Amino acid sequence: MQTSDYWQLIAFFVLVLAPAPWLGRYLYRAMEGERTLLSPLLGPLERGCYRLCGLEPGAAQDWKAYAASLLVFSLASLLLLFAILLLQGVLPLNPQKLAGLEWSLALNTAISFVSNTNWQAYSGESTLSYFSQMLGLGVQNFVSPAVGLAVLTVFCRGIARRSTREIGNFWVDLTRATLYGMLPLCLLLALLLVWQGVPQTFQPYVDALTLQGQPQGIPLGPAASQIAIKQLGTNGGGFFGVNSAHPFENPTAWSNLFEVVSILLIPAALLFTFGHYVRDLRQSRALLASMLIVFVIGLGLTLYAEYQPNPLLAGLPIEQACSLEGKESRFGITASSLWAVTTTAASNGSVNAMHDSFSALGSLMPLFNMMLGEVIFGGVGAGLYGMLLFVLIAVFLAGLMIGRTPEYLGKKLEAREVRLLVATLLVMPVGALVFGALAASLPGPLASVSNPGPHGFSQILYAYTSASANNGSAFAGFGANTIYHNLMLGLAMLLGRFGYLLPVLAIAGSLAQKKRAPLGSDSFPTHGPLFVTLLTLTILLVGGLTFLPALALGPLAEHLSLLGQ
Amino acid sequence: MNPENSMLTHIRPAVTLLALLTLITGVAYPLAVTAVAQLAFPEQANGSLIRDAVGKVRGSRLLAQPFDGAEWFQPRPSAGAFATVASAASNLSASNPALRQRIAADAARLHGEAPGAVPMALVTTSGSGLDPHLPPDAVRFQIPRVAAARGVAAADLERLLERHIERPLVGPEVVNVLALNRALDDNR
């Protein structure tokens, strides 16, 4: 590693962690309707939305009404996006005259963006019109993380409030999360990206003549505005097919730094939002510590693996250095590895290098991050509510060990909550392993694999893990655009989204109804090093161990077979 | 409240709010960004295009172009043959024998152009297939060939290269191959 690599890593951690306490407090105040810096600007817009929807912002819902609103909104979003993608050929803002999408691809893409997955079975520049990008995908890029943030605030209120059925109002939470949470940061990031060279125009593609006189079409579009929310909303769906590896999506080392920081910016801040809800910032720091431990170990392992020369290339008259296959020169090994770990820790799924061409061990950590359910920072809202589920499991295990009724921040965990917790633990194994095994054992779906040996199995495993975890990154050689995979991956994405959302809302509703027991001297503290260790081990063992056999068949087998050469 | 009524209480705000948020985030937001971007950074916002003396667009500073002939510096190999619509990567796994075959063939062609091992960047395809940059070493490796083909001194090319190295604080040193090749042409 060179000096610039160290500067980059330092800048990354500082830019993610330094604003987090401040941004977390801002998000808390915004979500609770308190006055913030931006209230004078956004307040009138917010109140206008409520008036046109016929809403009383004070009217609270119980968890069932909240869940019903969320489901109806998601269904409306799904139908609208599906229709836009099917009909894009007759809609405006289509200078390249691109036709509507085939139905299974349109359905897969609609589910993908509504569920905050942003799995891409298509190439944006040759498939989607500006209209579809902006009014279709772009809008879901905003509202799908806003839904995640809304559900997180419900979970926080469930823990913080006592003896009530009221956990908030979905429409109010959604509006505030979109306007206060997403929009201001996106405006800032979009302009930073244009400055670095990302296009932002409604002009059609330009026909150029290369220096040697060959025709070259230059794809353009309103890319910067889309990429800003793609990163900040942990969406990950690229404007162009090769995502953030494309020089127009990510032109420089600086744009790369801004984008990779943006992935974790809001998820890191939300830890502090949670701390403000429960009026105990020590809890935030404990969760942050646990996340950082897993993140830094994963980053170290990936950097180590990617800096090794590929044994397959031994003996050739080339530099025996780390492989640059699928990586961009302006990013090199460090930025590519950092991005791979970050994008899978969060449920972002954008890539700045092709994970399919990573070393076997280098692709292990991204895969493992997703298998954990993306709780290491994780998606906007979704990451932290996933983490809080693990916290409750850790508290439950601790309760079993010391023989007391488990309680978290004064809330007792009882049979109902634990049953729901266990249900969420099944989501990732069912989506990744059951669906993955099904695809691997059917001849048709198996034909989508593009690499031989254990890596071929990894491609299937990666696809179904990514979809179930609502990540969206891919081993992109995998030919995902078939009717089978479009539908099954779509199903995995729905399972991964609502298999978490609904139990989380139910748990929150149940916790909110409980009294808050005073914290006694004999209750198990959830902010010290002991709890951080317990939590980290719970994540790795309860979340990760299920997947060890599958990892052994994929990346580990590939690694060992290469070492043997 | 009966179930039908309660469904309606969800549908009206769902449809209205989706429409409003579409207007705000899908129309107003990209338009606002476009307006500011076109005023503040018109060059970048329109694709960082490069034009020749008569104003014809000859490419974008950010997108690699294919170069045939010994007298040009070659960019990274492209899995998508430098296609821009749509861009593509090889997605060959690190264990795929096809990767070794391809690299062996390219290395055999390049080996001997200059002393030493062939730089990794010259035999591996990039993520986008449009990587406009090379690490300085991968340019330096090509200097003997380009100098011989153009009949210029290698030291002159070395100086030209030195002027084109970009050194961002937070990323590796790179050279924009398209810019370098344009400078070659201007020098002629």
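Just so you know, these numbers come straight off a predicted model, no measurement behind them. Sequence lines set the chain letters: A, B, ... in the order given, protein chains first and strands last, and positions in each chain run from 1.
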**Prompt:** Which pair of non-hydrogen atoms, one from B/Leu31 and one from A/Phe202, has the smallest distance, and what is that distance?
**Reply:** CD2-CE1, 3.8 Å
**Part of A/Val198 lying under 4.5 Å from any heavy atom of chain B** = backbone
**Asked** Can you tell if the side chain of B/Arg58 reaches within under 4.5 Å of the side chain of A/Thr210, non-hydrogen atoms only?
**Response** no
**Interface moiety of A/Gln96 toward chain B, non-hydrogen atoms closer than 4.5 Å** = neither
**Prompt:** For B/Leu122, is it the side chain, the backbone, both, or neither that has a heavy atom closer than 4.5 Å to a heavy atom of chain A?
**Reply:** neither
**Prompt:** What residue, out of A/Ser450, A/Cys322, A/Ala476, has the most heavy-atom pairs lying under 4.5 Å from chain B?
**Reply:** A/Ala476
**Prompt:** For A/Asp207, is it the side chain, the backbone, both or neither that has a heavy atom under 4.5 Å from a heavy atom of chain B?
**Reply:** backbone
**Asked** In terms of heavy-atom proximity below 4.5 Å to chain B, should A/Ala335 be classed as side chain, backbone, both, or neither?
**Response** neither
**Item:** Smallest separation among heavy atoms of B/Pro172 and A/Gly332, with atom names
**Value:** CG-N, 4.1 Å
**Request:** Return the option, out of B/Ala107, B/Pro119, B/Gly116, with the maximum number of heavy-atom pairs under 4.5 Å with chain A.
**Result:** B/Pro119
**Request:** With rounding to the nearest 0.5 Å, note down the distance linking OG1 in B/Thr16 to CG in A/Leu55.
**Result:** 8.0 Å
**Fill in**
Looking only at A/Cys49, A/Gly315, A/Ser225, most heavy-atom pairs under 4.5 Å shared with chain B are made by A/Ser225
**Heavy-atom proximity to chain B below 4.5 Å, by part of A/His455** = side chain
**Asked** Hey, which of B/Leu62, B/Val174, B/Asp137 has the most heavy atom pairs under 4.5 Å with chain A?
**Response** B/Leu62
**Prompt:** With a 4.5 Å heavy-atom cut-off, do B/Asp52 and A/Leu209 have their side chains touching?
**Reply:** no
**Message:** Within this structure, what is the CE-CD1 distance for the pair A/Met182 and B/Ile24, rounded to the nearest 0.5 Å?
**Reply:** 14.5 Å
**Item:** Whether B/Tyr29 and A/Phe142 hold their rings parallel, tilted or perpendicular, with breakpoints at 30° and 60°
**Value:** perpendicular
**Region of A/Leu45 in contact with chain B, defined by heavy-atom distances below 4.5 Å** = side chain
**Request:** Report yes if the side chains of B/Leu99 and A/Asn310 come closer than 4.5 Å at any heavy-atom pair, otherwise no.
**Result:** yes
**Fill in**
Assert top hit (heavy-atom pairs under 4.5 Å, partner chain A, pool B/Ala121, B/Ala98, B/Ala40, B/Gly127) equals B/Gly127
**Message:** At a 4.5 Å cut-off on heavy atoms, which part of A/Leu187 comes close to chain B: side chain, backbone, both, or neither?
**Reply:** both
**Prompt:** A/Leu135 versus B/Val27: any side-chain heavy-atom pair under 4.5 Å?
**Reply:** yes
**Prompt:** Heavy-atom distance under 4.5 Å to chain B: side chain of A/Leu312, backbone, both or neither?
**Reply:** both
**Prompt:** What option among B/Arg76, B/His133, B/Lys56 has the most heavy-atom pairs under 4.5 Å with chain A?
**Reply:** B/Arg76
**Asked** Going from CG on B/Asn46 to OG1 on A/Thr201, what distance comes out if it is rounded to the nearest 0.5 angstrom?
**Response** 5.0 Å
**Prompt:** Can you list the steps and then say if A/Ile318 with B/His111 is a side-chain contact (heavy atoms from CB on, under 4.5 Å)?
**Reply:** CA-CA 8 Å; A/Ile318 58 168; B/His111 186 55; over 6 Å; no
**Asked** Does A/Gln216 reach the main-chain N or O of B/Gln65 with its side chain, forming a donor-acceptor pair under 3.5 Å?
**Response** no
**Message:** With a 4.5 angstrom heavy-atom cut-off, is it the side chain or the backbone of A/Ala474 that approaches chain B, or both, or neither?
**Reply:** neither
**Item:** Heavy-atom check, side chain of B/Pro168 versus side chain of A/Thr252, under 4.5 Å
**Value:** no
**Asked** So, does B/Gln38 use its side chain to make a donor-acceptor pair with the main chain of A/Gln200 at under 3.5 Å?
**Response** yes
**Item:** Heavy-atom check, side chain of A/Gln140 versus side chain of B/Leu18, under 4.5 Å
**Value:** yes
**Residue among A/Met134, A/Met354, A/Glu328 with most heavy-atom pairs under 4.5 Å to chain B** = A/Glu328
**Message:** Within the structure provided, determine whether A/Ile229 and B/Thr25 are in side-chain contact (heavy-atom separation under 4.5 Å).
**Reply:** no
**Under 4.5 Å from a heavy atom of chain A, the part of B/Ala19 involved** = neither
**Asked** Cut-off 3.5 Å, side chains only: do A/Ser69 and B/His10 have a donor facing an acceptor?
**Response** yes
**Asked** Nearest 0.5 Å, what's the CG-CZ distance between A/Leu316 and B/Arg100?
**Response** 4.0 Å
**Asked** Is it the side chain or the backbone of A/Phe358 that comes within 4.5 Å of chain B heavy atoms, both, or neither?
**Response** backbone
**Request:** Tell me, for A/Leu220 versus chain B, whether the close heavy atoms (under 4.5 Å) come from the side chain, the backbone, both or neither.
**Result:** side chain
**Item:** Portion of B/Ser48 that has a non-hydrogen atom of chain A nearer than 4.5 angstrom
**Value:** side chain
**Prompt:** About how many Å separate OG of B/Ser128 and CZ of A/Arg330, when rounded to the nearest 0.5 Å?
**Reply:** 6.0 Å
**chain B contact via A/Gln320 - which portion, at a heavy-atom distance below 4.5 Å** = neither
**Fill in**
Looking only at A/Cys186, A/Gly138, A/Ala228, the option with the highest number of non-hydrogen pairs under 4.5 Å against chain B is A/Cys186
**Message:** Which atoms of A/Leu193 are under 4.5 Å from chain B, going by heavy atoms: the side chain, the backbone, both sets, or neither?
**Reply:** neither
**Prompt:** Checking B/Pro66 against chain A: side chain, backbone, both or neither under 4.5 Å from a heavy atom?
**Reply:** both
**Message:** For the backbone of B/Gly171 and the side chain of A/Ser4, can you confirm whether one donor and one acceptor N or O come within less than 3.5 Å of each other?
**Reply:** yes
**Request:** For chain B, find which of A/Trp254, A/Phe240, A/Phe73 contributes the most heavy-atom pairs closer than 4.5 angstrom.
**Result:** A/Trp254
**Message:** For B/Asp68, is there any backbone N or O sitting under 3.5 Å from a side-chain donor or acceptor partner on A/Gln212?
**Reply:** yes
**Asked** Can you check whether A/Trp195's main-chain N or O pairs, donor with acceptor, with B/Gln44's side chain at less than 3.5 Å?
**Response** yes
**Asked** Can you tell if the side chain of A/Lys327 reaches within under 4.5 Å of the side chain of B/Met120, non-hydrogen atoms only?
**Response** no
**Message:** If you count heavy-atom pairs within less than 4.5 Å of chain A, which of B/Gly26, B/Ala45, B/Gly129 leads?
**Reply:** B/Ala45
**Prompt:** Is there a side-chain contact (heavy atoms from CB on, under 4.5 Å) between B/Leu21 and A/Leu174 once you walk through the steps?
**Reply:** CA-CA 10 Å; B/Leu21 292 178; A/Leu174 174 68; 4.2 Å; yes
**Complete:** Between the CG atom in B/Leu20 and the OG1 atom in A/Thr175, the distance rounded to the nearest 0.5 Å is 8.5 Å
**Fill in**
Of B/Ala37, B/Ser95, B/Gly59, the largest count of non-hydrogen pairs under 4.5 angstrom with chain A goes to B/Ser95
**Request:** Specify which of A/Ala321, A/Gly197, A/Pro222, A/Gly213 makes the most heavy-atom pairs with chain B at under 4.5 Å.
**Result:** A/Gly197
**Under 4.5 Å from any heavy atom of chain B - which part of A/Ala353** = neither
**Item:** chain A-proximal positions within residues 82-92 of chain B [heavy-atom distance under 4.5 Å]
**Value:** B/Thr84, B/Val85, B/Ala86, B/Ser87, B/Ala88, B/Ala89, B/Ser90, B/Asn91, B/Leu92
